[in-house]
Amino acid sequence: MTKPLTLDMSKITQLMRDGQLSEATRMIQTGLSGDASPQAAPPMPFPQMAFPQGGFQKPAFAAPSLDGLRRGGSAVTVPEGGQWNWRTHQGAGQAREVRVYVPASVGEEAPAGLLLLLHGCTQDPDDFARGTAILQAAERDRVIVVAPAQPTSANMNRCWTWFDPRHAATDGGEAAFLVDLTRTVAQEHAVPPDRRFAAGLSAGGAMAVILGAVFADDFGAVACHSGLPNGAARDMGGAFAAMSQGGPGQGPGVGCRLFVIHGTADRTVTPRNGEAVLDQALRCQPGLTRRAADARLEGHAVSIGRHRDAEGQLRIQTWTVQGLGHAWSGGAPQGSHTAPGPDATEAMMRFFLD
């Protein structure tokens, strides 16, 4: 039976405003699951404490500062000749600073694809690039990487706002901004929609699902690592409940090709959410034929599901990784929230490009 929520939201809110995020996390975990034991996982994706009334108020554009972005720490290893530069993008009532990687391997040729890379909570583009080793994969595969930064002015933990329906709208908010950003960079490099991809971890994975559901025609495929279904929550309390107990997925499913990876030991975003992402997509893409296989990859048992259409095209692939917690599988220890396991970066790139 589902446990009732026992959250003292006023106290949690005050702790968050005071910057005591670890204590707030323990309170939330205790209220949702009765278990306050620490774990090596990102903190809960805390929402903003207040939203503008009456829908989005589209501000005069001003590039947000990189507040909360860790420009220090270990540097990103950029492949020789590649360009990993900051730029500012404005669109859909939003403005963000963005890292863009243009591989040296592209040269005079058209790139093989474009990947929108969405970091998880507490992360930034540099940290996420280190952990996923995405620049090395992009250089090898001739893929442009677009990695927007969520500042603390938008969310105190730098989470993408997957839990607020206003950020899943087609005419304003974060999802619309991310699509506008993708279209802009893709047009600069002549990348067609079927070669545009999105991938993310946790809150970033949930936002990638929203993009694949609401803007399916703009992407050839999306990948969700340890994320949630579209419409899993509509407010802060619902976000915490969805993460702990599983989101209902009240919204359309992913309409483009989809890769889902989730660990069975994820105590931050329950694996039920990965199953919900799949179920939601299957309702949107009926008639697929499933074949399953078990494998052992990098010391982990992995249950692999492949769903093909009548023409034999692989539309959906799922990986359920035994023993993996809330972290990027096979990621490099130089980045945060990574863990040993099968190489999620390699698997996603192969799924996108093959």
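Quantities reported herein were computed from a predicted structural model and do not represent experimental measurements.
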Just by modelled atom types, is the [Y] backbone N or O under 3.5 Å from a matching donor or acceptor in the [X] side chain?
X    : Y    : answer
E139 : A104 : yes
R158 : D124 : no
N273 : A242 : yes
Q280 : N230 : yes
S226 : H326 : no
H225 : T345 : no
R308 : L288 : no
T122 : N157 : no
R257 : F351 : yes
Q150 : G204 : no

Can you check whether L211 reaches L116 side chain to side chain, under 4.5 Å on heavy atoms?
yes
Pair H89-F177, ring pair (Phe, Tyr, Trp, His ring centres under 6.0 Å): steps then yes or no
CA-CA 9 Å; H89 185 76; F177 164 83; 5.4 Å; yes
Could [X] and [Y] be called an ion pair, given the rule that one side-chain N must be under 4.0 Å from one carboxylate O?
X    : Y    : result
E174 : R166 : no
R142 : E109 : yes
D141 : R350 : yes
R87  : E188 : yes

If you measure from CG on L353 to CG on L115, what distance do you get to the nearest 0.5 Å?
9.0 Å
To the nearest 0.5 Å, what is the distance between CG on D164 and CG on D235?
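So the CG of D164 and the CG of D235 are separated by 9.0 Å.
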Closest approach of [X] to [Y] (non-hydrogen atoms, all atoms of both residues):
X    : Y    : value
S329 : G341 : OG-C, 3.5 Å
A276 : G247 : CB-O, 4.0 Å
V260 : G274 : CG1-O, 3.9 Å

Mind checking side-chain hydrogen bond (donor to acceptor under 3.5 Å, both in side chains) for T270 and listing every partner two or more places apart, or none if nothing turns up?
none
Before giving the answer on ring pair (Phe, Tyr, Trp, His ring centres under 6.0 Å), spell out for W162 and H167 the whole-Å C-alpha distance, their side-chain angles and the decisive distance to 0.1 Å.
CA-CA 7 Å; W162 56 270; H167 286 292; over 10 Å; no
On the ring face of F163, is R234 found with NZ or CZ under 6.0 Å from the centre and within 45° of the axis?
no
If the condition is ring-ring contact (aromatic ring centres under 6.0 Å, His included), which residues does W319 pass it with, not counting sequence neighbours?
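W319 satisfies ring-ring contact (aromatic ring centres under 6.0 Å, His included) with F259 only.
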Quick test of your reading: applying ring-ring contact (aromatic ring centres under 6.0 Å, His included), list the pairs with at least one residue in residues 184-205, sequence neighbours left out, ordered by first then second residue.
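Every ring-ring contact (aromatic ring centres under 6.0 Å, His included) pair that includes a residue of residues 184-205, provided the two are not neighbours, is F197-F352.
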